[in-house]
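Start at 1 with the first residue, then count along the sequence. Just so you know, ligand 1 is whichever comes first in the structure, and atom 1 is the first atom listed for that ligand. If you're wondering where the values come from, they're calculated on a predicted model, not measured in any experiment.
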Amino acid sequence: MNIENESEILRSKNTNCAGCGMSIALNFIGDALGNKVKMAIPACCAIVTPHSFPYSSYKVPVVASTFAASSVVAAGMKAVQQMNNEKGHVIAFAGDGGTFDIGMATISAAAERNEDIIYVCYDNEVYGNTGAQRSSATPVGAITSTTPHGKKEGKKDIMGIMIQHNIPYAATLSIGYPDDFIRKVKTAGKIQGFRFLHILSPCIPNWKIEPSYTVKIARLAVNTGVFPLYEVFNHKEYHITHKPAKIQPLQEYLKMQKRFSKIDDSMAAMLQGMIKENWEHLLKMEEMFPPAELTAKYN
Ligand SMILES: Cc1ncc(C[n+]2csc(CCOP(=O)(O)OP(=O)(O)O)c2C)c(N)n1
């Protein structure tokens, strides 16, 4: 019996945590693009944890980059590919620390040059592999090893920052909505230039959740407005791809994750306020810059 999945990027029997959101994301990216891709991965769980088959579980060529440099390493790989007349996508695949914080200068530079790469940020909202320090993607109220009483500041608006670079495509993706996820990766694959994909990636040890909760929590994040699903073409067409009939209250989302066990009323109110503001902003942007030709072309 052939148990190999032809399109997989990450082999089974790898040593990632059970229920890891990042592993699911890699599987869906393989489903969308196949495994004729090359990847640049900086210091993060994605380069540290997937051992086995001997010593790495990746089925595709991977260059391990320094923490800050995956986007420019990917751009270099793409340049070599073009010189050699080779085809295939080059993906920079980085955590939130490598994206929101330390990689920001190189990502901004690569986006401004419109480098022909797909940049994927799997956002587990913490510096996962080094012991759960806070990042600027950590939401208000979350306990990390450097915010033992809950983080006081809100999450950085990475999508807003990337959209302002006028890149051809930016989208948010949820492992709880596979069809939407795979369609967006396919869309990214059809576009040239710098494409930015932001994935919320539940993290078992650091969100302090059960492995079986990953997908449920990812779906709840969408339906509570914590992580709205949308895509933006060329800074001028906003398309919300999943509109919950009613935004659900946050309580269940918070209760399922022990990282929020110390959230107090004022932090919870701050979080709820940010979610509301963000959602209303998004609705307004879609109204002002509605889906048009580009959205129709790729949907
Ligand atoms: C310049 C530099 N500073 C610090 C480190 C140590 N370091 C390696 S990975 C990492 C955290 C990565 O966090 P993130 O990008 O969110 O990915 P995750 O581990 O959560 O997957 C840190 C601090 C490093 N490798 N290089």
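- In summary, D96 and K156 do not engage in a salt bridge, as defined by a charged side-chain N under 4.0 Å from a carboxylate O.
- Cluster partners of M256 are V140, Y177, L200, I204, W207, I209, Y213, I217, L220, V222, V226, F227, L229, L250, Y253, L254, F260, I263, M267, M270, L271, M274, I275, counting Ile, Leu, Val, Met, Phe, Trp and Tyr whose side-chain heavy atoms approach within less than 4.5 Å, directly or via other members.
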List ligand 1's nitrogen or oxygen atoms that come under 3.5 Å of a protein nitrogen or oxygen, with the partner atom and distance.
residue	atom	partner	partner atom	Å
ligand 1	15 (O)	G97	N	3.1
ligand 1	15 (O)	G98	N	2.9
ligand 1	16 (O)	D96	N	3.4
ligand 1	16 (O)	D96	OD1	3.3
ligand 1	16 (O)	G97	N	2.8
ligand 1	16 (O)	V126	O	3.0
ligand 1	19 (O)	C45	N	3.2
ligand 1	19 (O)	G128	N	3.2
ligand 1	19 (O)	N129	N	2.9
ligand 1	19 (O)	N129	ND2	2.7
ligand 1	20 (O)	N124	OD1	3.1
ligand 1	20 (O)	N124	ND2	2.9
ligand 1	20 (O)	V126	O	3.0
ligand 1	20 (O)	G128	N	2.7
ligand 1	21 (O)	C45	N	2.8
ligand 1	21 (O)	Y122	OH	2.6

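- Judged as a salt bridge (charged side-chain N to carboxylate O under 4.0 Å, His left out), the pairs with a partner in residues 210-233 (not counting sequence neighbours) are, in order, R183-E231, K216-E252.
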Exercise answer: donor-acceptor pairs, residues 49-56 side-chain atoms, under 3.5 Å, sequence neighbours excluded:
residue	atom	partner	partner atom	Å
T49	OG1	N16	OD1	2.6
T49	OG1	C45	O	2.9
H51	NE2	V48	O	2.7
S52	OG	K13	O	3.4
S56	OG	Y58	N	3.2

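- The two residues E237 and P291 have their closest heavy-atom pair at OE1-C, 3.9 Å.
- The aromatic rings of Y238 and F289 sit tilted relative to each other, their planes meeting at an angle between 30° and 60°.
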